[in-house]
Amino acid sequence: MTRCFRWFALGILTAAALGAPGVGSTASAQEFLNGIEWKEPAVVRPGENGGPPSDAVVLFDGKDLSAWEGSTQWKVVEGAMVSGKGDLRTKAAFGDCQLHIEWAAPTPATGNGQGRGNSGVFLMNTYEIQVLDSFENKTYFDGQAGAIYKQTPPAVNATRPPGTWNVYDIIWTAPRFAADGSLKSPAYITALHNGVLILNHFALKGDTPFNRPPQYKAHPDRLPIRLQDHGNPMRFRNIWIRETPPVEGKQVREPFLRDGKGVETPVK
Ligand code: MG
């Protein structure tokens, strides 16, 4: 290898390591461009240790229940909200969203099956992802913690013991309805339980009652989040939500290829 060639090779490698456009990809000088003009993604400061990112709406930060209504029997005790008689729901309404919520079942555990540490997170006031003390507590699988109630079990049971904190991170896509009230597209849910995937883009079959099959009934684009009172003193903390509008982009021209000399050709 001549000295000159060595320097040339080193230059190529350095440029590739730095990600210089057009140089690292010497094998192909051709670039694909999709012709879409994207809106610049907003800058969001991530939260620390499960805390809210900078663009989140904080629904409960350990201090008060000012974001909630529907029951006066829920209390704030030592930084957690404790369920009382009657369901609690957010004053604000939400559609597509990312929801973070932490919950703990009573300790020592009492009761069994559905009678032990039962609550529920109702997306859009209608669709329940089950909250239940499913730590060494068997019940019907499509009713255990992380189930979409009466529709599907969670993929796995990642429940922590009663008295310790469980975390749900939920990605929700609201159902869409046509003007005549018919269903255009179902609701979808993806959820992590304590960081473990339990629901992966599951398409809901409708609402989640105990006593009849699920069904869809047209409703507004945004509705409150509701927390269920099922007679057990459940604790909740660190609840925040982010609205998740679709990424915006405009197709300003057809997709094309550009070679190293700047010559453009349409994609066939
Ligand atoms: Mg429930």
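One-based numbering, in listed order, for ligands and for the atoms of each.
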Measuring from the Mg ion (ligand 1), name the closest N, O or S atom belonging to E128.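 Answer by atom name: OE2.
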Determine whether I148 and Y127 make a side-chain contact, defined as any pair of heavy atoms from C-beta on separated by less than 4.5 Å.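 Heavy-atom side-chain distance check fails, nothing below 4.5 Å.
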For the Mg ion (ligand 1), decide whether N118 has an N, O or S atom at a distance under 2.8 Å.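 Yes - counting backbone and side chain alike, N118 has an N, O or S atom under 2.8 Å.
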Do any of the N/O/S atoms of Q130, backbone or side chain, fall under 2.8 Å from the Mg ion (ligand 1)?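 Yes.
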Is the backbone N or O of V167 less than 3.5 Å from a side-chain atom of N194, with the two atoms forming a donor-acceptor pair by type?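 Checked: pair present.
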Main chain of K205, side chain of Q151: is a donor-acceptor contact present, judged purely on distance under 3.5 Å?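 Judged by distance alone, yes, a pair lies under 3.5 Å.
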Do D55 and R242 sit within salt-bridge range, that is, some charged N less than 4.0 Å from a carboxylate O?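 So D55 pairs with R242 through a salt bridge.
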